[in-house]
2 protein chains.
Amino acid sequence: MEVTGHMPAQDAPRARSASIWDVARVAGVSQQTVSRVINGKARVSEATRARVLQVIAELGYRPNRLAQALAGGPVRSVTVLTSDTALYGAAATLRGMEEAARTAGFSVGISVLERTSGQADIALRLNRPGEAVMVIAFDDAGVRALRALPADVPVAAAVERRPDDGPDDPWQVWLDDRAAAAHATRYLLGLGHRTVHYVAIPSSTSALPQRTQGWQDALRAAGRPVPEPLPGGWSPRSGYLAVRSLLADRSVTAVLCGNDDLALGVMRAAREAGRDIPGDLSVVGFDDSPPSAYLNPSLTTVRLDFEGLGRACFGLLHRRLDPQNAPAVPAWSEPELIVRESSGPAPA
Amino acid sequence: MEVTGHMPAQDAPRARSASIWDVARVAGVSQQTVSRVINGKARVSEATRARVLQVIAELGYRPNRLAQALAGGPVRSVTVLTSDTALYGAAATLRGMEEAARTAGFSVGISVLERTSGQADIALRLNRPGEAVMVIAFDDAGVRALRALPADVPVAAAVERRPDDGPDDPWQVWLDDRAAAAHATRYLLGLGHRTVHYVAIPSSTSALPQRTQGWQDALRAAGRPVPEPLPGGWSPRSGYLAVRSLLADRSVTAVLCGNDDLALGVMRAAREAGRDIPGDLSVVGFDDSPPSAYLNPSLTTVRLDFEGLGRACFGLLHRRLDPQNAPAVPAWSEPELIVRESSGPAPA
DNA sequence: GTAGGTGATGTTATCGGTCACATTCGTTCT
DNA sequence: AGAACGAATGTGACCGATAACATCACCTAC
């Protein structure tokens with residue numbers, strides 16, 4: 001066998017782990033053949049394949065992802081762009097994405113967006129131009145990041161709402177927040193509440209958030225008064241502050257919250273205002289975050305399948321990267337109202 | 001200029017983004033000089049440097065991380081191995097790690113450990129041999145992963161407890177759970193409780209968890225009876241189940257919990273048993289997870305600086321990778337008991 | 001005046017793969 | 001039997017960088 005310039009020095013002390021060359025040499029084939037075996041693309045005789053596979057096992061060889069990617073191999077890594085992973089929705093979506101990606105043999109990177117992340121900043125988070133990306137765009141920072149991504153990066157996104165301007169982007173997934181909010185609102189009206197107040201999470205776009213719209217839809221459809229939505233943030237504290245003054249008004253008997261954390265704050269405000277839940281006041285949350293079932297009172301809330309959404313988002317990306325071989329995009333569950341102790345009939 | 005074999009074809013349509021060669025050509029220098037400017041290592045004349053930097057800006061050139069890594073450049077990426085990011089401690093630690101790493105110019109990967117992840121599995125999660133790793137080893141899966149890592153990978157870990165067997169690993173950080181648990185226990189004893197029961201989180205090792213030990217330390221030091229620790233899991237449900245039967249016994253007046261989720265379950269069990277918190281029963285948690293302050297009653301708990309721990313863990317790794325230039329490892333806060341509504345004087 | 005040192009820069013090998021194309025060889029077709 | 005064909009495999013360029021070594025001009029020192 002000739003020693004070409006590309007061959008690793010035979011005499012140099014080898015601290016590195018096995019490369020494709022080592023496998024090729026031991027198996028007595030060219031490195032290209034090894035590459036073929038690894039990728040299973042081109043045809044290799046059964047005998048050769050078996051021998052190569054055996055050598056691979058013996059040497060404990062594993063392809064270097066970096067080299068594969070650099071050489072223009074198939075994309076096998078994704079970076080997830082997300083803001084505040086402290087929020088249940090984002091964290092659960094991330095879990096779903098990571099699980100699906102890892103299962104499919106992808107390595108996943110994560111990069112948390114700061115509120116101030118500018119457009120220039122976004123490109124810096126990619127390891128190389130063209131790297132695949134998933135964006136969790138439930139809030140403003142995420143949406144901005146999604147928009148700031150160069151056109152040539154393959155991206156899939158989990159979004160709060162489909163953008164109503166411009167053509168539909170087929171590489172997005174979302175939950176039907178609007179219908180879910182409407183459903184929850186109808187549920188409360190069905191309990192005899194005259195109307196329902198709403199504490200909103202911040203919008204991801206300039207438009208009205210889906211949950212807010214759904215709530216309005218239901219009130220309007222039922223011909224009920226539509227109170228001004230109360231602007232909240234993401235935290236219990238912001239929910240607490242949003243309704244603090246409102247709760248003195250005993251005619252307020254039902255509050256729908258944009259997420260469970262807000263509901264937590266609302267329930268505390270209610271306690272301090274001397275309102276009884278659910279006797280005096282019904283509170284309904286959104287998300288079904290883990291503690292909800294164990295709160296006092298336990299929280300009626302809309303369960304959202306964030307993990308499923310995350311898995312689907314990856315499924316979408318996978319199909320975008322490899323339309324031929326990627327499996328079908330898995331379905332995710334519809335939002336579901338989970339009735340617990342915090343909601344009940346309107347006071348007489 | 002001669003066209004060597006390594007030069008990109010001049011005539012081929014260029015879809016790719018600028019490489020170091022493009023910069024070199026436009027600036028009229030060799031690519032090596034560009035590399036020097038980028039890395040700032042070797043000396044380059046001021047004039048040349050300025051010209052190259054300008055061309056870089058003009059072309060919007062950014063070095064390809066993959067290529068840098070492959071070519072043996074400095075390590076600029078970390079993979080975090082963690083189990084269940086649904087748990088507050090792991091999630092917060094991850095946040096701290098990611099923030100610190102990103103700030104330092106590292107890209108961070110994440111790989112979630114399944115309960116069943118075997119040793120072979122671990123190696124598969126690395127993009128290349130020798131890749132830097134951080135492990136969140138608060139539980140069994142994390143500790144196993146830490147142990148399964150090949151000796152040659154640069155790793156830093158956030159652990160529940162320093163291993164008592166074998167020499168101290170200088171590349172680990174931890175919180176003083178033991179002292180914190182002892183402190184919380186003493187606090188409860190100081191309120192007049194005869195003894196304190198403890199609902200334990202699963203241990204990360206075969207030894208007694210730090211929190212359990214601290215609790216025992218305090219009881220023993222005070223000469224109080226040491227009840228059998230109640231084995232719990234990580235979830236509210238497991239806390240609920242662990243104490244369900246116990247709470248019928250009115251002599252049980254104080255319960256310390258291994259985390260806030262367990263405390264949530266305990267509080268629900270107390271409610272169902274007709275116990276009043278804090279009148280009848282004091283409950284203290286661990287972690288100070290975000291909802292704690294807004295629970296009903298709000299939860300007395302031990303605040304742990306997981307984010308700081310995560311940042312410190314990265315700091316440690318950074319020093320390990322680059323002892324010369326890495327900044328000092330940032331300090332993190334000591335555990336702190338946050339007294340809220342769920343704890344009070346022992347019933348008369 | 002010439003050897004030796006130093007700063008600035010170019011050249012070549014290399015990292016660990018993939019891709020496009022060339023080559024080999026047993027078969028089948030005419 | 002000769003050509004054409006396709007399966008199996010090898011060869012060399014290339015991805016985008018870094019590292020080691022070579023070069024070159026200029027200056028200082030003996």
Side-chain angles (χ1 to χ4, degrees), chain A residues 1-9 12 14-25 27-49 51-52 56 59 61-76 127-131, chain B residues 1-9 12 14-25 27-49 51-52 56 59 61-76 127-131:
Chain A
M1 173 178 280
E2 254 196 13
V3 177
T4 77
H6 227 81
M7 294 280 299
R14 284 241 322 282
R16 291 189 302 281
S17 60
S19 82
I20 201 173
W21 282 98
D22 301 310
V23 176
R25 181 160 32 76
V29 298
S30 75
Q31 41 88 13
Q32 180 59 228
T33 299
V34 177
S35 173
R36 287 183 178 115
V37 170
I38 293 171
N39 298 303
K41 283 300 181 187
R43 347 187 29 125
V44 177
S45 77
E46 204 41 60
T48 309
R49 169 190 311 282
R51 184 152 33 90
V52 169
I56 284 178
L59 268 49
Y61 164 79
R62 290 198 327 101
N64 181 321
R65 286 285 180 74
L66 270 49
Q68 287 184 313
L70 181 58
V75 179
R76 289 217 167 297
N127 285 324
R128 61 158 189 173
E131 162 146 308
Chain B
M1 173 178 280
E2 251 195 18
V3 177
T4 77
H6 226 79
M7 293 281 300
R14 284 240 321 282
R16 290 189 303 282
S17 59
S19 83
I20 200 173
W21 282 99
D22 302 310
V23 176
R25 181 160 30 76
V29 297
S30 75
Q31 41 86 10
Q32 180 59 228
T33 298
V34 177
S35 173
R36 288 182 179 116
V37 171
I38 294 169
N39 298 302
K41 283 300 181 188
R43 349 188 24 122
V44 177
S45 76
E46 203 41 58
T48 308
R49 170 190 309 283
R51 184 152 32 90
V52 169
I56 285 178
L59 267 51
Y61 164 79
R62 291 198 327 102
N64 181 320
R65 284 282 179 75
L66 271 51
Q68 288 183 313
L70 181 59
V75 178
R76 289 218 168 295
N127 284 324
R128 59 156 190 179
E131 163 145 307

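As the structure is a computational prediction, the values presented were derived from the model and not from experiment. The sequence lines fix the lettering, A, B, ..., with proteins before strands; numbering per chain opens at 1.
- Nucleotide D:dC24 holds its P atom 22 Å from the CZ atom of B:Arg43, rounded to whole Å.
- The phosphate of D:dA17 has neither OP1 nor OP2 within less than 4.0 Å of any side-chain N or O from B:Ser35.
- With axes fitted over five pairs at each extremity, the angle between the ends of the helix from C:dG1-D:dC30 to C:dT30-D:dA1 is 50° (10° resolution).
- B:Gln31 has its CD atom 12 Å from the P atom of D:dG16, to the nearest Å.
- Comparing C:dG16, D:dT11, D:dT9 against the side chain of A:Ser19 picks out C:dG16 as the nearest.
- As a whole-Å value, the separation of B:Ile56 CD1 from D:dG16 C1' is 14 Å.
- Remark: C1' of C:dT9 and CD of B:Glu46 are 15 Å apart, rounded to the nearest angstrom.
- Within 4.0 Å (heavy atoms only), A:Arg62 reaches sugar-phosphate atoms of the nucleic acid but no base atom.
- Here C:dG17 presents its P atom at 16 Å from CZ of A:Arg36, a figure rounded to the nearest Å.
- For the pair B:Val52 and B:Arg49, the minimum side-chain heavy-atom distance is 4.5 Å or more.
- Within residues 63-72 of chain B, the residues approached by DNA chain D to less than 4.0 Å at the level of any non-hydrogen atom are B:Pro63, B:Asn64, B:Ala67, B:Gln68, B:Leu70, B:Ala71, B:Gly72, in residue-number order.
- When heavy atoms are screened at a 4.0 angstrom cut-off, B:Thr33 is found touching the sugar-phosphate backbone but no base atom.
- When the nucleotides D:dT11, C:dG10, C:dT9 are ranked by their closest atom to the side chain of B:Ser30, C:dG10 comes out on top.
- For B:Gln32 against D:dA19, a side-chain-to-base donor-acceptor contact under 3.5 Å is present.
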Worked verdict on B:Val29 versus B:Arg51 for side chain to side chain contact (heavy atoms under 4.5 Å, CB included) | CA-CA 10 Å; B:Val29 297; B:Arg51 184 152 32 90; 3.9 Å; yes
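- For D:dA7, neither phosphate oxygen OP1 nor OP2 lies less than 4.0 angstrom from any side-chain nitrogen or oxygen of A:Ser45.
- With rounding to whole Å, A:Arg76 atom CZ is found 20 Å from C:dG16 atom P.
- The separation between A:Trp21 atom CH2 and C:dG16 atom P is 12 Å, rounded to whole Å.
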